[in-house]
Peer 1: 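I'd like to ask some things about the structure below.
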Amino acid sequence: MMRITARRMWAGAACLGIGLALAGTSQAAGWPERPIMLILPSGAGGSSDPLARLLAAELGKRLETSIVVQNRPGAGGNVGMAQASRAQPDGYTITLSWTGPLATNLALYKQVGYDPRTDFAPVGMVGCTPNVLAVGRDSPANSLKDFVTYAQDKAHKISYGSTGVGSSWHIAGEMVNRLEGGRMVHIPYQTPGAALTDLEAGRLDAMFPVVPMTVGHVKSGDIKVLAVFSKTRASVLPQVPTAAEQGYPDLISDTCFALLTPKGVSADIIAKLNAALQGVLSDANSRTAIEDMGVRIQAGPPAALSAYLESEIPRQAELVHAAGATAQ
């Protein structure tokens, strides 16, 4: 009797395993059967919002469903990321995030409410955009060296704005601050628009935004961009030299965007999402639209995103600690 019972138990377990495997395959085969939600852990109108909406529209075409962007701002992206990490792992919630919530915040906050390495499954990288040094149109500085020299002059009290403590704007600013002896005063703003307004009005000396925030203002002549903090020039600001070209090769500050799902989504669904993403990133019209935002496309498999996190998380921790930045 014991042998029969054990045999039946093993047979039942085997059937259950086969059933679960078939259920997973069936789920992937029928997916998507309803709209998908894309959580963006920032507010509407930010630099990542246009990218999220473009991806939602183009991914939706390829997956033959609608993808709805849900803005979930708060705590530098932590609120939206925590919500996304708790979503059902059924493929109907995806997340567009960036370097801050994916790496910087882990060192900046005591608790973020999620772990990007264990609570999410990578879909793929989307692209990166560098921070830049921007000054008002009437600034006496016309190069990065000019700015550093000007900031080192004790006769001047230099202020720079950011979108908050620990933001990429702040970290990039502190990288420059270390070059000139730490004399710049950091002024955090609630919104990037407010910082831009003060920069244009001359109430702020500098800021270190990402490229997409500056292009229109450079074209209108309201601000000057003196340096790009990446290894290559930005295609939408081809006239602006990199920091490395101006003798500062260590000034590298990129914000990279990536697509993720909650952990537990089937590998088949992730493969379909990645294939759709690669289709968007290889499409000529989509590429042009994304690059016009100032984002350099970084296509690749999910493993490339995993590798990025493994290298970027400790790098951002070093930058945060060097800047002495902390957040609640």
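A quick note: this is a predicted structure, and the numbers were derived from the prediction, not measured.
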Peer 1: May I ask you to decide whether D205 forms a salt bridge with K157, counting only side-chain N to carboxylate O separations under 4.0 Å?
Peer 2: no

Peer 1: Evaluate side chain to side chain contact (heavy atoms under 4.5 Å, CB included) for I187 paired with M207, printing each intermediate quantity in order.
Peer 2: CA-CA 9 Å; I187 302 176; M207 63 183 194; over 6 Å; no

Peer 1: Please determine whether a side-chain nitrogen of the Lys or Arg among R53 and D49 lies less than 4.0 Å from a carboxylate oxygen of the Asp or Glu.
Peer 2: yes

Peer 1: May I have the step-by-step check of side chain to side chain contact (heavy atoms under 4.5 Å, CB included) for C256 and Q298, ending in yes or no?
Peer 2: CA-CA 9 Å; C256 295; Q298 303 284 327; 5.7 Å; no

Peer 1: For V210 and M213, run side chain to side chain contact (heavy atoms under 4.5 Å, CB included): C-alpha distance rounded to whole Å, both residues' side-chain angles, the deciding distance at 0.1 Å, then the answer.
Peer 2: CA-CA 6 Å; V210 289; M213 295 297 301; 4.1 Å; yes

Peer 1: Just verifying a value: how many Å separate Q246 CD and K145 NZ, rounded to the nearest 0.5 Å?
Peer 2: 10.5 Å

Peer 1: Treating Ile, Leu, Val, Met, Phe, Trp and Tyr as nodes and any side-chain heavy-atom pair under 4.5 angstrom as an edge, say whether F147 and L179 lie in one connected cluster.
Peer 2: yes

Peer 1: If the threshold is 4.0 Å, N to carboxylate O, is there a salt bridge linking R315 and E318?
Peer 2: no

Peer 1: Give me the atom names and distance for the closest heavy-atom approach of P262 to T93.
Peer 2: CD-O, 3.3 Å

Peer 1: At their closest point, which heavy atom of A107 faces which heavy atom of A317, and how far apart are they?
Peer 2: CB-CA, 3.7 Å

Peer 1: Aromatic rings Y160 and H170: how do their planes relate, parallel, tilted or perpendicular, breaks at 30° and 60°?
Peer 2: parallel

Peer 1: Looking only at non-hydrogen atoms, find the nearest pair between Y114 and A82 and report the distance.
Peer 2: CD2-N, 3.9 Å

Peer 1: Are any non-hydrogen side-chain atoms of L226 and S143 less than 4.5 angstrom apart?
Peer 2: no

Peer 1: Begin from the C-alpha positions of Y248 and F229 and carry the test side chain to side chain contact (heavy atoms under 4.5 Å, CB included) through to its verdict.
Peer 2: CA-CA 9 Å; Y248 301 91; F229 293 176; over 6 Å; no

Peer 1: Would you say the side-chain atoms of K231 pair up with the backbone N or O of P249, donor to acceptor, closer than 3.5 Å?
Peer 2: no

Peer 1: Just by distance, do the side chain of S139 and the backbone of V135 share a donor-acceptor pair under 3.5 Å?
Peer 2: no

Peer 1: Test side chain to side chain donor-acceptor pair (under 3.5 Å) on S220 and D222 and set out the steps.
Peer 2: CA-CA 6 Å; S220 66; D222 293 323; 2.7 Å; yes

Peer 1: Would you check if V211 and P130 make a side-chain contact, meaning some heavy-atom pair closer than 4.5 Å?
Peer 2: yes

Peer 1: Could you grab the distance from atom CD1 of I297 to atom OG1 of T288, nearest 0.5 Å is fine?
Peer 2: 8.0 Å

Peer 1: Can a donor-acceptor pair be found between the side chains of S230 and D254 at a distance below 3.5 Å?
Peer 2: no

Peer 1: So, for A151 and I158, which heavy atoms are closest and what is the spacing to 0.1 Å?
Peer 2: CA-CG1, 3.8 Å

Peer 1: Any side-chain heavy atom of T99 within less than 4.5 Å of one from Y308?
Peer 2: yes

Peer 1: Evaluate whether atom CD of Q239 has more than 12 neighbouring non-hydrogen atoms of other residues, nucleotides or ligands under 6.0 angstrom away.
Peer 2: yes

Peer 1: Under a single-linkage definition using a 4.5 Å side-chain heavy-atom cutoff for Ile, Leu, Val, Met, Phe, Trp and Tyr, are L51 and V123 assigned to the same hydrophobic cluster?
Peer 2: yes

Peer 1: Verify, without hydrogens or angle tests, whether Q278 (side chain) and G300 (backbone) share a donor-acceptor contact under 3.5 angstrom.
Peer 2: yes

Peer 1: Indicate yes or no for a side-chain donor-acceptor contact from N177 to the backbone of M184 under 3.5 Å, with no hydrogens or angles considered.
Peer 2: yes

Peer 1: May I ask whether V236 and I290 are part of the same hydrophobic cluster, defined by side-chain heavy atoms of I, L, V, M, F, W, Y residues being less than 4.5 angstrom apart, directly or through others?
Peer 2: no

Peer 1: Starting from the C-alpha separation in whole Å, work towards a yes-or-no answer on salt bridge (charged side-chain N to carboxylate O under 4.0 Å, His left out) for R62 and E58.
Peer 2: CA-CA 7 Å; R62 287 160 177 78; E58 295 301 321; 3.1 Å; yes

Peer 1: Just how far is it from atom CD of E33 to atom OG1 of T65, taken to the nearest 0.5 Å?
Peer 2: 10.0 Å

Peer 1: How long is the span from the CG atom in L319 to the CG atom in L108, to the nearest 0.5 Å?
Peer 2: 12.0 Å

Peer 1: Answer yes or no: is there a side-chain heavy-atom contact under 4.5 Å between S162 and Y189?
Peer 2: no

Peer 1: Treating Y109 as the side-chain partner and A75 as the backbone partner, does any N or O pair qualify as donor plus acceptor under 3.5 Å?
Peer 2: yes

Peer 1: Under 3.5 Å, side chain of R233 to main-chain N/O of P238, donor-acceptor pair present?
Peer 2: yes

Peer 1: Is any side-chain heavy atom of R203 less than 4.5 Å from a side-chain heavy atom of T197?
Peer 2: yes

Peer 1: For the pair S286 (side chain) and D283 (backbone), establish whether a donor and an acceptor sit closer than 3.5 Å, ignoring hydrogens and angles.
Peer 2: no

Peer 1: Kindly work out whether a path of hydrophobic side-chain contacts (I/L/V/M/F/W/Y, heavy atoms less than 4.5 Å apart) joins I94 to L55.
Peer 2: yes

Peer 1: Is any NZ, NE, NH1 or NH2 atom of the basic residue among K263 and D119 found under 4.0 Å from an Asp or Glu carboxylate oxygen of the other?
Peer 2: no

Peer 1: I'd like to know if the side chain of E245 reaches the main chain of T242, judged simply by a donor and an acceptor atom lying under 3.5 Å from each other, with no hydrogens or angles considered.
Peer 2: yes

Peer 1: Looking at N71 and S42, would you say the former's side chain and the latter's main chain have a donor-acceptor pair under 3.5 Å?
Peer 2: yes

Peer 1: Shortest non-hydrogen contact from L309 to P116?
Peer 2: CD1-O, 4.1 Å

Peer 1: Is any side-chain heavy atom of T95 closer than 4.5 Å to a side-chain heavy atom of L40?
Peer 2: no

Peer 1: Side chains of Q70 and Q83, heavy atoms from C-beta outward: is any pair under 4.5 Å?
Peer 2: no

Peer 1: Do D90 and R34 sit within salt-bridge range, that is, some charged N less than 4.0 Å from a carboxylate O?
Peer 2: yes

Peer 1: Treat each ILVMFWY residue as a node, draw an edge where side-chain heavy atoms are under 4.5 Å apart, and state whether M293 and V132 are in one component.
Peer 2: no

Peer 1: What is the distance from atom CD1 of I171 to atom CD of Q316, rounded to the nearest 0.5 Å?
Peer 2: 6.5 Å

Peer 1: Under a 4.5 Å cut-off applied to non-hydrogen side-chain atoms, are Y92 and P32 in contact?
Peer 2: yes

Peer 1: Can you name the closest pair of heavy atoms from G91 and I269 and give their distance?
Peer 2: CA-CG2, 4.1 Å

Peer 1: To the nearest 0.5 Å, what is the distance between CG (L38) and CG (L259)?
Peer 2: 6.0 Å

Peer 1: Is the backbone of S282 close enough, under 3.5 Å, to the side chain of R287 for a donor and an acceptor to pair up by distance?
Peer 2: no

